[in-house]
Amino acid sequence: MSSFPNITSSSLIFLLMGVPGLEAAHTWISIPLCCLYITALSGNGIILFVIITESSLHAPMYYFLSMLSVTDLDLCISTLVTMLGIFWFNARQISFHGCVAQTFFIQLFTVMESSVLLAMAFDRFIAICKPLRYATILTDSRILKVWFAILVRGTAILMPLVLLLKCLSFCQSHVLHHSYCFHPDIIQLSCSDNKINSVLGLTALIVTAGVASIFILLSYILIIKTILNIASPEEQHKAFSTCVSHISAVAIFYIPLISLCFVHRFGKKAPPYVHTLMANVYLLIPPVMNPIIYSVKTKQIRRSIKKVLFPKGSEL
């Protein structure tokens with residue numbers, strides 16, 4: 001190790017690999033990736049535009065949906081430049097500070113997405129279990145405070161991870177095996193003790209996405225209990241139908257996240273491209289699928305999209 005001198009963070013340059021083992025196919029891989037980015041950016045942009053412009057959608061449920069769209073847009077933008085730069089222009093270099101910043105924003109928007117999904121679960125809980133108090137509990141000012149609390153909470157939890165990254169020394173390989181700066185990937189390159197970084201990274205994931213998943217599950221246990229006490233099957237079906245979109249959004253967020261965690265923890269012998277492709281799926285699938293799910297499953301969103309984009313079209 002002595003033959004590799006420590007490099008200061010101000011001059012350190014990382015190299016992003018794209019998809020290790022599939023470098024020859026980067027041009028072809030860029031085509032579906034570009035399509036996914038276009039779908040995610042346009043879909044979430046349309047959802048936001050419709051909610052802002054349509055007064056009929058100025059309600060708590062749609063405010064939370066707009067928060068989800070903002071988070072998904074930011075998550076896409078945080079990886080767009082480096083990912084497409086690699087596949088289109090072979091622009092693999094990224095500075096240490098740029099890499100740390102990208103890591104922070106990716107983790108921040110991931111944490112915020114899990115928190116927004118929890119807030120949406122609370123919205124469904126109040127709407128179904130305490131419908132008479134819905135308007136008084138979820139006021140505009142409280143929803144704004146929830147959004148501010150989500151942002152502050154995510155920043156406070158993740159800032160120590162960023163500061164600890166800046167304390168690491170890098171003296172050997174500077175090659176990152178992803179299309180963007182991924183926290184576990186960075187700390188594995190360090191030649192200093194990275195146990196604290198690893199433990200804090202896992203702890204941050206548990207206290208954010210992990211805790212949020214538990215409360216989402218508890219919310220739906222109470223929701224299902226309330227729905228089953230409703231006498232009319234038609235009312236039960238109507239109540240369940242209002243939760244389908246949110247349950248789908250939770251699934252497409254947590255299934256890739258859990259799969260990625262398992263791959264990194266137990267898939268040491270898997271080909272390198274498996275880890276990279278799973279990481280890309282984990283970041284891109286939720287922003288791509290959420291607008292599609294809510295457009296298909298929510299009648300008010302469908303009608304509003306057609307009204308705004310196709311004002312002369314027929315009613316859905």
Side-chain angles (χ1 to χ4, degrees), residues 43-44 46-72 113-147 150 209 211-255 285-286 288-310 313-316:
N44 286 288
I46 289 171
I47 292 289
L48 266 178
F49 179 76
V50 166
I51 292 175
I52 291 172
T53 56
E54 278 295 299
S55 58
S56 61
L57 299 181
H58 292 176
M61 174 182 174
Y62 303 108
Y63 290 149
F64 288 123
L65 177 56
S66 67
M67 293 180 192
L68 187 65
S69 292
V70 168
T71 305
D72 283 338
E113 180 139 355
S114 67
S115 300
V116 171
L117 289 172
L118 174 58
M120 296 173 79
F122 180 72
D123 168 77
R124 292 299 84 207
F125 167 76
I126 298 297
I128 293 173
C129 300
K130 301 180 182 296
L132 297 180
R133 299 182 58 193
Y134 184 78
T136 57
I137 293 176
L138 293 176
T139 61
D140 291 352
S141 61
R142 284 179 178 169
I143 292 172
L144 188 61
K145 290 176 182 177
V146 167
W147 177 243
I150 288 172
V211 171
S213 67
I214 294 173
F215 281 106
I216 290 172
L217 179 61
L218 290 175
S219 297
Y220 272 101
I221 290 174
L222 296 174
I223 288 171
I224 292 172
K225 182 179 178 181
T226 300
I227 291 175
L228 293 178
N229 289 331
I230 299 174
S232 169
E234 291 78 12
E235 292 179 350
Q236 289 181 350
H237 180 268
K238 183 179 179 181
F240 272 121
S241 65
T242 64
C243 301
V244 170
S245 298
H246 179 252
I247 293 173
S248 301
V250 171
I252 65 171
F253 174 78
Y254 278 100
I255 290 175
I285 292 301
V288 169
M289 292 302 300
N290 284 335
I292 297 174
I293 289 171
Y294 277 93
S295 298
V296 171
K297 295 293 185 180
T298 308
K299 183 184 293 186
Q300 292 86 343
I301 293 291
R302 288 203 312 271
R303 287 178 173 175
S304 297
I305 289 175
K306 188 168 185 180
K307 181 180 177 182
V308 170
L309 299 182
F310 311 102
S314 58
E315 289 292 328
L316 286 174

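Just so it is clear, the structure is predicted and the values come from calculations on it, not from any experiment.
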Review point. Hey, are the side chains of Phe122 and Leu138 touching, using non-hydrogen atoms and a 4.5 Å cut-off?
Key: yes
Check your understanding: Nearest 0.5 Å, what's the NZ-OG distance between Lys306 and Ser295?
Key -> 13.5 Å
Review point. Does a sphere of radius 6.0 Å around OH in Tyr254 hold more than 12 heavy atoms from other residues, nucleotides or ligands, not counting ones at 6.0 Å or beyond?
Key: yes
Review point. So how far is it from Lys297 NZ to Ile247 CD1, rounded to the nearest 0.5 Å?
Key: 11.0 Å
Exercise for review: First locate atom OG of Ser213, then atom CZ of Phe253, and finally report the distance between them rounded to the nearest 0.5 Å.
Suggested key: 9.5 Å
**Study point:** Closest contact, heavy atoms only, Ile293 versus Ile252
**Key:** CD1-CD1, 3.8 Å
Check your understanding: Where is the tightest heavy-atom contact between Leu68 and Met120, given as atom of each residue plus distance?
Key -> CD2-SD, 4.1 Å
Study note, to complete from the structure: Here the gap from Tyr62 atom OH to Ile47 atom CD1, rounded to the nearest 0.5 Å, amounts to 10.5 Å
Check your understanding: CD1/Ile301 to NZ/Lys299 distance, rounded to the nearest 0.5 angstrom?
Key -> 13.5 Å
Review point. Does Arg142 use its side chain to pair, donor to acceptor, with the backbone of Ile137 at less than 3.5 Å?
Key: yes
Review point. Has His58 got more than 12 heavy atoms of other residues, nucleotides or ligands less than 6.0 Å from its NE2?
Key: yes
Check your understanding: Should Tyr294 and Gln300 be marked as a side-chain contact (heavy atoms from CB on, under 4.5 Å) after you check the CA-CA gap, both sets of side-chain angles, and the distance that decides it?
Key -> CA-CA 9 Å; Tyr294 277 93; Gln300 292 86 343; over 6 Å; no
Point to revise | Candidate pair Cys243 and Ile128, rule side-chain contact (heavy atoms from CB on, under 4.5 Å), full reasoning | key: CA-CA 10 Å; Cys243 301; Ile128 293 173; 3.5 Å; yes
Review point. Between Trp147 and Val70, is any pair of side-chain heavy atoms under 4.5 Å apart?
Key: yes
**Study point:** Value rounded to 0.5 Å, distance of CZ in Arg133 from CD1 in Ile126
**Key:** 7.5 Å
Revision key, fill the gap. All heavy atoms of Pro291 vs all of Pro286, minimum pair found to be CD-O, 4.4 Å
Study note, to complete from the structure: Only one of Ile223, Ile224, Leu217 passes side chain to side chain contact (heavy atoms under 4.5 Å, CB included) with Ile221, and that residue is Leu217
**Study point:** Working for side-chain contact (heavy atoms from CB on, under 4.5 Å), residues Val116 and Val146
**Key:** CA-CA 9 Å; Val116 171; Val146 167; over 6 Å; no
Review point. Can you name the nearest heavy-atom pair linking Leu228 to Gln236, along with the distance?
Key: O-NE2, 3.7 Å
Check your understanding: Shortest non-hydrogen contact from Ser245 to Thr298?
Key -> OG-OG1, 3.4 Å
**Study point:** From CA spacing to verdict: side-chain contact (heavy atoms from CB on, under 4.5 Å), Ser69, Asn290
**Key:** CA-CA 8 Å; Ser69 292; Asn290 284 335; over 6 Å; no
Review point. Would a line drawn from the ring center of Tyr220 to the ring center of His246 be shorter than 6.0 Å?
Key: yes
Exercise for review: For Thr136, enumerate each residue passing the side chain to side chain donor-acceptor pair (under 3.5 Å) test, keeping only those at least two apart in sequence or located in another chain.
Suggested key: none
Practice item. For the pair Asp123 (side chain) and Ala119 (backbone), establish whether a donor and an acceptor sit closer than 3.5 Å, ignoring hydrogens and angles. Key: no
Review point. Can you name the closest pair of heavy atoms from Cys129 and Leu222 and give their distance?
Key: SG-O, 3.8 Å
